[in-house]
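Quick note: residue numbers are just sequence positions, from 1.
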Amino acid sequence: MNVDWELAHSLTVDDGQGVRCACELPSSDDSYRLVIGTQGGSLYQWSLPSQSLTPISYQHNHSVTAILSNGVDTYVTGCKDNIIRVFDGATHEMKRLLEGHTKAVTSLDWCGGTYLVSGSWDGTAKLWDISNGALLATLPDHENTVTVCGLSYSGSNVWVATGSAGVAQSNSISGHSIRIWKIDVTTGEVNTINKVSNDHFGPIRDLTLDSQSSTLASCSNDGTVKLRDTKEGGCLQTLSFPVNDPPMLLSVTATSDGSIVAGAEDGHVVLWKLGDNDSAPPQLIRHSSSVWDVSSLHNGDFTTCCQDGVVRIFTQSHDRRASDEVKEHFAQSVEAALKKQNKGPSQEEISKLPKWELNTLILGKSEGQVQVFQKEGIAIAAQWSEASKTWIEVGQVVGGGNQEDTGVIDGVKYDFVMPIEVDQEGGGVAKLNIGYNTGENPFVAAQRFIDAHVLPQHHLAEIADYIQQRVGNSAPTIGASTNAAPVTGTPLVSFEYLPVKGYKYFELTKATNFEKVLSKIDEVGLLSKEEMATLQRLTDTLAVTNRYHASTLEPAAFSLLKKILSEWPPAKAFPALDLARLAVLHPASANWDWNLLLAQAYTLSEKDKDNVAVSMLALRLIVNYFKGPIEALDFKQVLAFSERFLASKNKNVRLSVVSVLWNVSLYLHSCSSSDSNSQSVVTQVASIIDSKTYESEAMFRALSALGTVLLAKPSAKEFANALFLAGKVEMVASPHGDKAKAIAKEIYALLQ
């Protein structure tokens, strides 16, 4: 009698990221640990049955796409930055980097002993000895993305299976293959034992070895798992997902009781119990989002890693089943996710959309691009007309339902909705839906599809041909405006927080005590009574902010500030710097030589680098300078100055630094300026992100500066991607509140 699998434990990883993978580390007879890798590049340790969660300090540069334990003292990770990392299983110290792949590493497995095999988007598998980091062999010439499985080893020989994603040919994906390899670890000699091609009807996504039946299991985008002979890779049995239109299967594992488990992109987990009753229907367990990874545990249970940020453990043991309350919560989360998929946007989501009355300020990127706006409290879809340079309203955005039955994609109705598999840049394969309306130019629909899914432009003609074949239209006459590549112009403005809306200033507050400031200056004993009276009149004027439009500043006050800043030591001069940073906010100070005062502030800070007050006030003087003639600023010098204080231990200095970056980024967004300035902003924010020492408001300002400069300068985006910031921003924002999380998501979208 088959016993159904039920939820045992679940854990939400609180960094706002999808969970991509997990592996098991031993602990004691009844306890164990999971190491979890996230889309944001973070690692966590989850101890069971205590269920304690411990963040691991090491941060990857990009998504952790594979993780594997040797079951003793070591685990390894594969990352989208092309690097494999080897960790100590007890201390989580990173011990070694394995570098050699040129694209993301997405598959890992052991081949016995210390031998590790890796698969990558670069079309190769590689064999490593992790004891010394040596690359032993490369298995070349795969069809795009490679998934790997270690089969056996004997003496100096290891046997490995690989699966490939295939290549695009005639509007479909073909050539996906299983290969069986033999590698001599002493000589590096590589031999292909056998190759089996196209017995799946879609890309091969994962492989696993079922030790119970001694078979190799492969899962595919076609919704099937095939059990294979490990000697030559031939198919022995096919396990099919029990619906007519199956989802893509992303991961497969075998449990100790003889079950085959696969995770699907639509959130399903499917379980086949092999044995005497192979005809029994498989069990389905629905999740709220894509299941990236399934893996078996030593006690017979298995884990699922889901895009909803939750790791779950499922069991057949009555003793380890979750409480009814926990299982009910899981069921409710799935139900809520399904309801959300089938209804239109919420009022909260609508409120974040760009307003229709401002559509003239938003430029489309290409003919036929679809953008959603808010109009009179509802969400509407509009298409961009390149000829008229305007948005044309299409209709109200409603719930999607079953896309192929209703002809709706992302709330927009189409006359035809067609499935399409696209071979993506970097080796990935996507199974998507494309919408088309009767009489529409197929190239316009194809371009809209490419823009929506950020696909390589070289697919344009291929997708347009596919549309024509499916709808039976003759080839249209293609005009120059629609047959061209996407128009490059102003980025689509549809963000809530980006770009930043105005400059930051450190203005007069209730805490400002002019009496104390003047007292400190007077204590030095270097000013006459007349000079102190001049400063008194200055503070009296600065204190009445609602009269700035009618008051003036004496030239003598400027002369005094200049004298103090140039002649007094930093420890005595900083109160005058406080007056200067407030005086620059007064309109009448526009006639003062502020470049001279800035130069004196720089010099003061250089004389006493450890004086926190001088550093903070000099930075705040720069921030407030943006109230005046900004063009006079030397931005290279400003950014060099702010960079000096990135590692400050004082939170007020840190807030001042990011306020400088905020204002500089907004200025760069509003005018043409050197790309080196934008790259400096990106570099400084990257340092702030890596430091993990900045408070919530400071982090929000830093991320705002980053996002704004990314919108301003295309080169800044390239530079940010070279620093792997896409994989860091959401993770670093997670502890800093909803605003920081929201702006991190906007930055992540910009960097895709």
Side-chain angles (χ1 to χ4, degrees), residues 504-509 511-527 535 560-585 594-626 633-664 677 680-681 683-702 705 732:
K504 292 289 185 185
Y505 305 113
F506 289 98
E507 299 177 299
L508 190 71
T509 67
T512 305
N513 189 334
F514 282 129
E515 183 179 344
K516 185 176 180 180
V517 172
L518 292 176
S519 176
K520 285 186 174 295
I521 293 175
D522 196 25
E523 287 173 1
V524 179
L526 296 177
L527 295 185
L535 293 183
L560 270 176
L561 294 178
K562 181 177 68 171
K563 173 184 176 180
I564 295 172
L565 295 177
S566 62
E567 298 178 5
W568 291 15
K572 306 292 185 182
F574 76 85
L577 201 53
D578 199 9
L579 294 181
R581 65 100 181 175
L582 291 171
V584 74
L585 297 172
W594 282 104
N595 283 335
L596 175 61
L597 291 183
L598 273 178
Q600 291 172 338
Y602 293 148
T603 301
L604 275 179
S605 179
E606 186 64 32
K607 286 180 179 178
D608 191 350
K609 296 179 180 179
D610 297 327
N611 192 312
V612 171
V614 171
S615 303
M616 178 189 71
L617 292 170
L619 288 164
R620 294 188 175 190
L621 174 59
I622 296 171
V623 172
N624 289 356
Y625 194 105
F626 282 79
L633 273 175
D634 182 340
F635 284 94
K636 185 176 181 180
Q637 187 177 31
V638 165
L639 289 167
F641 188 71
S642 65
E643 187 174 16
R644 286 173 44 192
F645 305 101
L646 289 174
S648 173
K649 296 179 180 179
N650 184 278
K651 67 178 182 179
N652 294 318
V653 173
R654 293 195 292 267
L655 184 63
S656 302
V657 167
V658 295
S659 300
V660 170
L661 297 178
W662 172 297
N663 285 359
V664 170
N677 291 330
S680 179
V681 173
T683 301
Q684 292 188 42
V685 176
S687 297
I688 290 168
I689 289 172
D690 290 340
S691 75
K692 299 182 180 178
T693 59
Y694 279 58
E695 295 73 24
S696 293
E697 177 60 26
M699 184 57 70
F700 173 74
R701 294 189 186 189
V732 78

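Side-chain N or O atoms of Asn624 include none that pairs as donor or acceptor with a backbone N or O of Leu585 at under 3.5 Å. In terms of modelled atom types and a separation under 3.5 Å, the side chain of Ser605 and the main chain of Tyr602 share no donor-acceptor contact. The main-chain N or O of Ala599 is found under 3.5 Å from a side-chain atom of Thr603 such that the two form a donor-acceptor pair.
When side chains are defined from C-beta on, Arg701 counts as touching Ser659, because their heavy atoms get closer than 4.5 Å. Under the 4.5 Å side-chain criterion, counting only non-hydrogen atoms from C-beta, Phe506 is in contact with Leu655. Here the side chains of Asp608 and Val614 are not in contact, with every heavy-atom distance at 4.5 Å or above. Within the 4.5 Å cutoff, no side-chain heavy atoms of Tyr505 are placed close to those of Val584. Using a 4.5 Å cut-off on side-chain heavy atoms (C-beta onward), Phe626 and Val664 make contact. Side chains of Leu508 and Phe514 form a contact here, defined as non-hydrogen atoms less than 4.5 Å apart. Taking the side chain as every heavy atom from C-beta outward, Val524 and Ile564 never approach each other to under 4.5 Å. The shortest distance between side-chain heavy atoms of Trp568 and Ile521 falls below 4.5 Å.
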Legend entry - Derivation and outcome, side chain to side chain contact (heavy atoms under 4.5 Å, CB included), residues Gln600 and Leu561: CA-CA 10 Å; Gln600 291 172 338; Leu561 294 178; over 6 Å; no

Inset, instruction - Go through the steps for Met616 and Phe574 under the test side chain to side chain contact (heavy atoms under 4.5 Å, CB included), then give the verdict. - result: CA-CA 10 Å; Met616 178 189 71; Phe574 76 85; over 6 Å; no

Legend entry - Criterion side chain to side chain contact (heavy atoms under 4.5 Å, CB included) on Leu661 and Ile688, from CA distance to verdict: CA-CA 11 Å; Leu661 297 178; Ile688 290 168; 4.0 Å; yes

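Atom CG of Asp610 is surrounded by 12 or fewer heavy atoms from other residues, nucleotides or ligands within 6.0 Å. Around NZ of Lys692, the count of heavy atoms belonging to other residues, nucleotides or ligands within 6.0 Å exceeds 12.
For the atom pair CD of Glu507 and CZ of Arg581, the computed distance is 9.5 Å after rounding to the nearest 0.5 Å. To the nearest 0.5 Å, the span separating CG on Leu604 from CG on Leu577 amounts to 6.5 Å. Going from atom NZ of Lys649 over to atom OG1 of Thr693 covers 11.0 Å, rounded to the nearest 0.5 Å. Between the CG atom of Leu579 and the CG atom of Leu621 there is a distance of 11.5 Å, given to the nearest 0.5 Å. Interatomic distance, Ile622 CD1 to Leu617 CG, rounded to the nearest 0.5 Å: 11.5 Å. Rounded to the nearest 0.5 Å, atoms CG (Leu526) and NZ (Lys572) are 9.0 Å apart.
If you check the side chains of Ser680 and Gln684, you find a donor sitting under 3.5 Å from an acceptor. Between Ser656 and Arg620, the side chains place a donor N or O and an acceptor N or O closer than 3.5 Å (distance only, hydrogens not considered).
Residues Ala573 and Leu565 come closest through the heavy atom pair O-CD2, 4.0 Å. Closest of all the heavy-atom pairs between Tyr694 and Leu646 is OH-O, 2.6 Å. Heavy atoms only, all atoms of each residue included: Leu597 and Lys562 are closest at CD2-CA, 4.0 Å. Nearest heavy-atom pair, Asn611 versus Ala571, reported as atom, atom and distance to 0.1 Å: ND2-CA, 3.9 Å. Heavy atoms only, all atoms of each residue included: Val658 and Ala702 are closest at CG1-CB, 3.8 Å. Nearest heavy-atom pair across Val623 and Asn663 is O-ND2, 3.2 Å.
Ionic pairing of Arg644 and Glu606 is present here: one or more N-O contacts between side-chain nitrogen and carboxylate oxygen are shorter than 4.0 angstrom.
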